[in-house]
Amino acid sequence: MIDEGYIKFKADWKKTNPLPFNKIAALNKWRQEMYRHQLIGAYENGIGFGNISQRWSLGSHFVISGSATGNFPELNEMHYSLVTGFDLNKNTLSCEGPLVASSESMSHAVIYQECPTVTGVIHVHHLALWKKLLHQIPTTDKSATYGSPEMANSIIDLLDTTNLKEQKIFVMEGHQEGVFAFGENLEEAATVILKYLSKI
């Protein structure tokens with residue numbers, strides 16, 4: 001069964017006005033590209049899947065698609081959230097914007113924390129891609145579920161113990177269909193995913 005959409009961290013969400021659209025136009029462009037490839041979207045039951053983010057500043061701040069936005073064919077500035085901080089040990093995350101941040105925000109957060117040169121992260125769902133890459137590339141612990149501190153710690157472990165920083169893509173064994181990619185920009189992250197997708 002697909003376990004998706006439920007936020008597992010404690011969100012300290014401040015509802016604010018959206019960020020200017022021109023500041024997130026590139027982010028939105030790549031989100032639409034992932035949606036076009038059905039890598040971000042929604043299941044028949046209406047639950048959305050997949051998310052995308054972009055580093056907002058030199059620190060750990062980043063903009064991410066909001067919770068439950070996968071089922072929208074097109075997004076605008078009302079559908080994004082700015083993550084301003086997180087505490088993995090306390091399983092808390094602070095964000096602001098029209099919507100609360102995606103349920104997978106903690107996983108994005110640790111990638112930005114551990115990889116200072118990364119400015120774009122994409123989480124997609126694709127069953128065939130997931131099956132093909134499972135244990136063929138860096139793969140998170142089977143017991144780590146999406147959006148959890150265990151998943152975040154498993155990602156950190158992969159970054160420390162495998163060639164993930166060079167490969168820039170990993171599979172989430174405990175989150176069926178889940179694949180993450182990242183890069184120095186969103187184009188690089190998207191290109192990594194689409195390269196592997198083209199080989200299926």
Sidechain-backbone polar pair: Thr92 side chain, Lys10 backbone, donor-acceptor under 3.5 Å
no
Can you tell if the side chain of [X] reaches within under 4.5 Å of the side chain of [Y], non-hydrogen atoms only?
X	Y	value
Tyr146	Ser107	no
Ile156	Leu88	yes
Val110	Leu159	no
Lys8	Met151	no
Asn163	Pro138	yes

Just checking His108 against Phe180, ring centres under 6.0 Å apart?
yes
Any chance you could measure Ser60, atom OG, to Phe86, atom CZ, to the nearest 0.5 Å?
6.5 Å
To the nearest 0.5 Å, tell me how far Leu27 CG sits from Arg55 CZ.
14.0 Å
Side-chain donor-acceptor pair under 3.5 Å between His125 and Tyr43, yes or no?
yes
Can a side-chain donor-acceptor contact be found between Gln38 and His126 if the only test is distance below 3.5 angstrom?
no
Lys132, NZ atom: more than 12 neighbouring heavy atoms under 6.0 Å:
no
Indicate if Leu134 and Ile137 have the same hydrophobic cluster label, given that clusters are the connected sets of ILVMFWY residues with side-chain heavy-atom separations under 4.5 angstrom.
yes
Is it the case that one hydrophobic cluster holds both Leu133 and Ile40, taking links as side-chain heavy atoms less than 4.5 Å apart, direct or via other members?
yes
Assign the ring pair His79 / Phe72 to parallel, tilted or perpendicular, where the plane angle (0 to 90°) is split at 30° and 60°.
tilted
